[in-house]
Amino acid sequence: MPVNLSRDYWSLLPAQLVDQVSMNYLDNFWPDLKAAHELCESILQSRRERENESQESHGKEYPEHVPLEVLEAGIKSGRYIQGTLNVNKHRAQIEAFVRLQGASSKDSDLVSDVLIHGMKARNRSIHGDVVVVELLPKSEWKGRTTALGENDGDDKALGESPSEPMPTGRVVGILQKNWRDYVVTFPSIEEVQSQGKNAQKILVTPWDYRIPKIRISTQQAEALQDFRVVVRIDSWESTSMYPNGHFVRVLGRIGDLEGEIATILVENSISVVPFSEAQMCEMPVNTPENPWKVSSQEEREREDLRKTHLVFSIDPSGCEDVDDTLSVRALDNGNLELGVHIADVTHFVAPHSYIDIEARTRATTYYLADRRYDMLPAILSADVCSLLGGVDRYAVSVMWELDKTSYEIKKVWYGRTIIRSAYKLFYEAAQDLLDGNFSVVKDIPEFKDLDEKSRQAKLEELVWAIRKLTDIARHIRAKRDSCGALELEGVEVRIQLDEKKNIHDLIPKQPLEVHETVAECMILANHWVAKKIWESFPHQALLRRHPPPHQEFFSELRECAKAKGFFIDTRSNKALADSLDNANDPNDPIVNKLLRSMATQAMSNALYFSTGSCAEEEFHHYGLALDKYTHFTSPIRRYSDIIVHRLLMAAISKDKKMEIQENLFSNKDLEELCRHINNRNRAAQHSQKQSTELFQCMYFKDKDPETEERCISDGVIYSIRTNGVLVFIPRFGIKGAAYLRNKDGLVVSCGPDGHSEWKPGSLQRFQNKITSTTTGGESVTFHLFDHVTVRISVQTSRCHSDTIRLEIISNKPHMTPDTELLQQSSLLLKSDLVKEVTRSVEEAQLAQEVAVNITEDYQKYCQTKGRSLYTLLEEIRDLALLDVSNSYGI
């Protein structure tokens, strides 16, 4: 029988003895477990070298950290500041920022982040660590560099007109190390050989620019040089220039699609293992032999809406996880009843069950550019919980009685219901019906088998409902607008599939009024549920707040608008909304889109929180202009909504003086859960952006930028830097840097025909423009919002993700014969993009077959199985492409 020795006991033994016991155990009991032997050897070698290093090195690379008790006393006294370290990925070697948190943010006079300049001042802290900072004297404060920087931390442009000095400090201690698994690349064979044949200490380069190189011990450097590898950091001594770590596992070959996707998942700490047998055993059954049906007990306990309400859904084409449906009807007293009916996921997911714990861990469904990883198994998300057309489903409903003319809310009802959705409409079909284009009826399955008279009657009923919903939504929106609701700009893209579930087209989402109709109804439901659960549980309700942004983050927006003669008032959400509405250039609609995009970039993140941890005046949602808000309408793909459903059910029980069945979280536990969900939401957003950027690079990769038509496009300058400009390319939704001075010191010069070339000269930056002047006296000026012609290429990287590179080849707009041809060209290019991405994927699949052994190591990351990599391709939701100008404080 094995003896259980506590961790304390092991800690008393000499390290060498523990090492020997570990190796003996593996040799005796697991002699064939090669990966475990390699991992153990890597850790032991790292420890031996660390001990040798500390004995040999008498000099220190970094100052020692201040003891914890001194740090805590210093924070209380105000001598030190606490916050989270954010490294600027574009200047990772020299620029990081500490965002104040906790007591520091309330008690400090500082209104901005603290700049940490250089690795020495960072003092071994790593991006994401909670650090303690000591401010430097004001005479030593520095400003952020405004020059465009290379992602590899190239410091050539340093010192080129930094911005105004800002609070600057140095890290004196680390309160919490947020180390995780890191994906790295080994040096090339030439670099390894240059270190000597017997070198076992290898410096590996993390995929994330913000993480320093890591020293690991391995004899496999040459064998692994073409692969993405996972490592962990063990320590970072003050005597070492770099942290020490150890090898964990191989992910995949560099440049291979599955390896790159696995990299994105690991970098965002996303686990995508299949659901376990224990979890699946808790799931309901719905098969042809044993179909799922409504139970007689639920029929007695729920409000049955199947015969009384016309319920329907409006969703993106191809949507399987239908969370929400709508209804509207006239009541006997002449008033109207508006209903929002949400999938009753909590009926099938019991608190603390295996599937509940798994859903809580995942916290959200992850949507990547070519696949999705569900929070819940498909039997729930795409079947029994999904509010599909023509089948009975359990729902949680909110129904309002509205005045027939003013639409003022008279009363509200919350409860569990049974519904049968009559129609599963796509947005485009619903918009056609709203506009009176009834030819779309032939494409709506529910109308196909009806006789003419029935079809006409049902069509009139449905059109009345859609129009009435839209009219109600306009009134709700107008009310929020009057309070300062913001309409912000993001880039949303929908991937269209063919019958074989292969990628068919990539379509920028067209704004339709029905989008807003559905959104307003969902916002209304979220708002009223927020009020209900807060009234019932004022200290333990899960709400969502959106803090007002820091005014300093609006400075670039104000300056850019000023260049076009617009004034942007950012003193309140109402003032900002009105200013953006008025900032329209009739000759260039892109201007307003870019200004709204800048406003979006300046915003703080919306966050989940427990009401017991915040004062009520902090509950406000700045963007939606609502005093209380939560997420209730998507429990299939968000765990926050599952918690809110349980709170709502408990509130209903409380109203009825019934025993509360739900196990509610305490304020402390709920706040901890909110932190976890907020973290997972950020991971979902980052992974979505990174996977989209991966596919954008796949489209342009291996194309000759000089000859390929697709590589030349129209761009709009939206930010000026000291050595270049930032450009937005509307056709592809790409934002990126275009340098006006290259590494050789040459500047862009444009001839009479507008075409550019590199020549010796200088740049002069002004507030809203930048002028390039050659030594021969030729000059060209680029203004904010100028349209220019850019060449798109891909900068490849062994160690990091590939990136899009932009080069201005003419100071004139990219010319096309006419607008109609431009639109046709765009459609053609989207089709080309699809074909090219598909071809690249097929080549990647062939490459996988060549390296079977490596494939076995990382295939477990791919939840989508089958011949096509696009089997689970879905709509990309809430896609906002990463803006390189917003390089800190995200």
Side-chain angles (χ1 to χ4, degrees), residues 275 277-313 320-327 339-360 374-399 413-424 446 525 529 632-637 639 641-664:
F275 293 101
E277 188 177 343
Q279 291 158 2
M280 296 306 294
C281 283
E282 296 175 341
M283 295 296 95
V285 175
N286 189 23
T287 62
E289 302 77 33
N290 188 14
W292 179 87
K293 58 185 179 183
V294 171
S295 74
S296 55
Q297 181 183 348
E298 293 296 326
E299 279 187 321
R300 289 193 297 272
E301 294 177 358
R302 291 173 180 263
E303 192 77 16
D304 194 339
L305 309 182
R306 287 175 289 184
K307 294 179 180 176
T308 56
H309 289 64
L310 174 67
V311 176
F312 56 93
S313 63
E320 294 174 355
D321 51 344
V322 182
D323 286 287
D324 54 88
T325 53
L326 297 164
S327 68
V340 171
H341 315 281
I342 306 301
D344 190 359
V345 173
T346 57
H347 174 81
F348 300 97
V349 179
H352 310 304
S353 61
Y354 290 123
I355 199 62
D356 181 54
I357 293 167
E358 179 63 25
R360 188 188 314 166
D374 290 317
M375 184 182 79
L376 294 170
I379 181 63
L380 294 183
S381 62
D383 192 357
V384 176
C385 286
S386 187
L387 306 181
L388 304 170
V391 292
D392 295 343
R393 289 291 181 261
Y394 296 149
V396 178
S397 300
V398 184
M399 293 187 283
W413 179 90
Y414 309 86
R416 281 188 149 136
T417 56
I418 303 171
I419 65 167
R420 183 184 297 143
S421 177
Y423 303 97
K424 183 175 180 290
E446 291 86 353
V529 169
F632 157 76
T633 54
S634 292
I636 287 175
R637 60 186 178 92
Y639 191 75
D641 302 49
I642 289 179
I643 297 296
V644 168
H645 276 235
R646 289 175 183 157
L647 283 162
L648 181 60
M649 292 304 105
I652 292 168
S653 298
K654 192 175 180 182
D655 287 349
K656 295 178 179 177
K657 305 288 193 294
M658 294 167 59
E659 182 185 349
I660 296 175
Q661 301 293 325
E662 287 71 16
N663 297 309
L664 302 183

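Throughout, residue positions are numbered sequentially from 1 according to the sequence presented.
Pairing each heavy atom of L664 with each of R646, the nearest pair is CD2-O, 4.3 Å. Here the closest heavy-atom approach between residue P635 and residue L376 is recorded as O-CD1, 4.0 Å. When every heavy atom of T417 is checked against every heavy atom of I419, the shortest pair comes out as OG1-CG2, 3.9 Å. When all heavy atoms of L310 and A422 are compared, the closest pair comes out as CD1-CB, 3.7 Å. Closest heavy-atom contact between L387 and S313: O-OG, 4.4 Å. The shortest heavy-atom contact between M283 and P377 is SD-CG, 3.9 Å.
Remark: D304 engages R306 in a side-chain hydrogen bond (donor to acceptor under 3.5 Å, both in side chains) (not counting sequence neighbours). Under the side-chain hydrogen bond (donor to acceptor under 3.5 Å, both in side chains) criterion, T346 pairs with D344, R416, sequence neighbours left out. Here S386 pairs with nothing under the side-chain hydrogen bond (donor to acceptor under 3.5 Å, both in side chains) rule; sequence neighbours left out.
With S634 as the partner, the side chain to side chain contact (heavy atoms under 4.5 Å, CB included) test is satisfied by one option alone out of D641, I642, V345: D641.
Separating the CG atom in N286 from the CG atom in D383 is a distance of 4.5 Å, to the nearest 0.5 Å. One finds the CG atom of D324 at 11.5 Å from the OG atom of S397 (value rounded to the nearest 0.5 Å). The CD atom of E303 lies 6.0 Å from the CE atom of M399; values are rounded to the nearest 0.5 Å. Separating the CG atom in L305 from the OG1 atom in T325 is a distance of 9.0 Å, to the nearest 0.5 Å. Note that CG of L388 is 9.0 Å distant from CD of E320, once rounded to the nearest 0.5 Å. Of the inter-residue distances, the one linking C385 atom SG with I342 atom CD1 reads 12.5 Å to the nearest 0.5 angstrom.
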Please step through side chain to side chain contact (heavy atoms under 4.5 Å, CB included) for the pair I355 and F275, ending with a clear verdict.
-> CA-CA 8 Å; I355 199 62; F275 293 101; 3.9 Å; yes

Evaluation steps, side chain to side chain contact (heavy atoms under 4.5 Å, CB included), between V398 and F632 | CA-CA 10 Å; V398 184; F632 157 76; 3.8 Å; yes

Stepwise side chain to side chain contact (heavy atoms under 4.5 Å, CB included) check, I379 with V384 = CA-CA 6 Å; I379 181 63; V384 176; 4.1 Å; yes

Stepwise side chain to side chain contact (heavy atoms under 4.5 Å, CB included) check, D356 with Y639 | CA-CA 9 Å; D356 181 54; Y639 191 75; 2.8 Å; yes

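In this structure, Y354 places its OH atom where only 12 or fewer heavy-atom neighbours from other residues, nucleotides or ligands lie under 6.0 Å away.
Put simply, the side chain of N290 reaches to within 4.5 Å of the side chain of T287, judged on heavy atoms. Using a 4.5 Å heavy-atom cutoff, the side chains of S421 and R393 are not in contact. At a threshold of 4.5 Å between non-hydrogen side-chain atoms, the residues L326 and V311 do not count as touching.
Ring geometry for W292 versus Y394: interplanar angle over 60°, hence perpendicular rather than tilted (30 to 60°).
Judged purely by atom type and a 3.5 angstrom limit, E282 has no side-chain atom pairing as donor or acceptor with the backbone of V349.
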